[in-house]
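All remarks here apply to the structure that follows.
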Amino acid sequence: VYNSDRKFNLNLTTVQEEKRFIKVTRLNEKEIEKEMDQLKQESGRFNKRNDKTYLLFKERYPNDTLQTKIFNHGGYILYYSIGRAPIPVINQLASVPQSEIIYLCKKEHTLEDVLNVQLASMATKVSIDVPIVLPDMNIYNYLFSLYPLRYHVDKVKISFPPLREDEIQDRHRDFYVYYNGMYHLKSRYKYECFCHLQEPLSTWKMNIWLVCDSKRDKKMVEDMVARDNKRFRREISLSGGAESGSES
């Protein structure tokens, strides 16, 4: 991981890589619970865990029993929260070896929001999900939003949701390119977003993760970064460079 102190603060990933988890829903909860019960039976002094990653969402009426079982026996826990994460969940995740709370970025954070993130950062890793649609969103508004959370966030994950045909408007067309049935933000605009965010987020000790649409898109962004930044170019040459591939 390129940390914000000594190295270039950028981690490139793809939508495909980011989806390597099991999303816990009403449709698969019985199957998951059966596996958790089996792991509980096989546990001795310490809880036995599998090597799977689970994504759980904050819900108004969660299945607390299943949630606790997954916290006790899941390999890696991702908990996605729109708004403040429940205190009992934060307390439970403090005892999970590998876990992460992901907050959806808001335009403004109240004092209660900030305190919630600070508490979560003492218990587990904290990520902020920053979905960007251009030109609808001003990048600098995100900086104002993230400023109160500085020093308490491990990762800022910047993603670029593709637009459907019924969502695309004239104002979007210069920024997006059409392939695989959707409109995707062009690679150079992803790189420009990173350029605006890099210095302040690095100062605030937030690691930047940029989610690209494919391996090809990832390679194009990496090439732009390397072209403009000698330090990053030196680092990727030492690490063997990025994996390249066709659009997927």
Side-chain angles (χ1 to χ4, degrees), residues 1-3 10-40 47-106 109 113-114 116-132 142 145-146 149 152-162 201 205-213 218:
V1 174
Y2 305 123
N3 64 51
L10 176 62
N11 301 271
L12 293 173
T13 182
T14 64
V15 172
Q16 294 77 20
E17 289 169 7
E18 289 299 301
K19 287 184 176 176
R20 289 175 183 165
F21 53 70
I22 297 168
K23 186 176 177 180
V24 181
T25 68
R26 296 285 183 250
L27 296 175
N28 62 6
E29 61 180 16
K30 286 185 178 178
E31 178 186 345
I32 293 171
E33 187 162 20
K34 185 178 179 181
E35 183 174 353
M36 296 301 112
D37 288 341
Q38 181 64 35
L39 287 165
K40 184 178 180 180
N47 288 339
K48 184 174 182 180
R49 296 179 178 275
N50 60 22
D51 58 358
K52 298 176 183 178
T53 299
Y54 295 91
L55 174 65
L56 298 98
F57 289 89
K58 177 185 173 183
E59 297 177 291
R60 180 173 290 184
Y61 304 109
N63 183 338
D64 291 326
T65 301
L66 175 60
Q67 188 169 275
T68 298
K69 290 178 180 180
I70 295 173
F71 289 171
N72 287 339
H73 301 287
Y76 197 105
I77 310 301
L78 301 169
Y79 186 88
Y80 196 100
S81 182
I82 297 176
R84 293 190 288 275
I87 301 300
V89 168
I90 294 175
N91 291 337
Q92 282 182 292
L93 290 178
S95 61
V96 176
Q98 297 190 91
S99 62
E100 186 177 324
I101 295 180
I102 306 167
Y103 292 90
L104 177 64
C105 195
K106 298 167 63 176
H109 291 98
D113 294 336
V114 174
N116 188 261
V117 170
Q118 290 179 354
L119 182 64
S121 72
M122 291 186 278
T124 185
K125 292 180 183 175
V126 171
S127 296
I128 306 292
D129 180 23
V130 179
I132 294 176
Y142 281 116
S145 171
L146 291 167
L149 308 179
H152 294 283
V153 171
D154 299 287
K155 183 190 301 183
V156 175
K157 192 169 291 183
I158 305 163
S159 60
F160 308 92
L201 296 193
K205 309 297 182 187
M206 298 177 180
N207 284 303
I208 301 172
W209 288 71
L210 204 71
V211 184
C212 301
D213 292 312
K218 175 181 172 182

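We're numbering straight along the sequence, starting at 1.
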Asn63 and Arg26: CA distance, side-chain angles, deciding distance, side-chain contact (heavy atoms from CB on, under 4.5 Å) verdict: CA-CA 9 Å; Asn63 183 338; Arg26 296 285 183 250; 4.1 Å; yes
Main-chain N/O of Ser99 paired to Thr124 side chain as donor or acceptor, under 3.5 Å: yes
pair Arg49-Gln98: side-chain heavy atoms closer than 4.5 Å: no
Heavy-atom side-chain contact between Val211 and Val15 under 4.5 Å: yes
Exam field: side chain Asp37 to backbone Lys34, donor-acceptor pair closer than 3.5 Å: no
Check: Val89 and Gln67 side chains under 4.5 Å, non-hydrogen atoms: yes
Cationic N near anionic O, under 4.0 Å, Glu33 to Lys30: no
Closest approach of Ala85 to Ile90 (non-hydrogen atoms, all atoms of both residues): O-CD1, 3.9 Å
Side-chain touch Phe160/Leu210, heavy atoms, less than 4.5 angstrom: yes
Modelled atom types, side-chain donor and acceptor of Tyr103 and Asp113, under 3.5 Å: no
Atom pair CD/CH2 of Glu17 and Trp209 - distance to nearest 0.5 Å: 9.0 Å
Side chain proximity check, Ile101 to Leu93, heavy atoms < 4.5 angstrom: yes
Side chains of Asn116 and Ile87 in contact at under 4.5 Å (non-hydrogen atoms): yes
Donor-acceptor contact below 3.5 Å, side chain Lys58 vs main chain Arg84: yes
Exam field: side chain Asn50 to backbone Gly74, donor-acceptor pair closer than 3.5 Å: no
Criterion side-chain contact (heavy atoms from CB on, under 4.5 Å) on Lys125 and Lys155, from CA distance to verdict: CA-CA 8 Å; Lys125 292 180 183 175; Lys155 183 190 301 183; over 6 Å; no
Side chain proximity check, Arg20 to Thr53, heavy atoms < 4.5 angstrom: no
Sub-4.5 Å side-chain heavy-atom contact between Glu100 and Ser127: yes
Nearest-0.5 Å distance that lies between atom CD1 in Ile70 and atom CD1 in Ile22: 9.0 Å
Plane angle bin for Tyr79 and Phe71 - parallel if under 30°, tilted between 30 and 60°, otherwise perpendicular: perpendicular
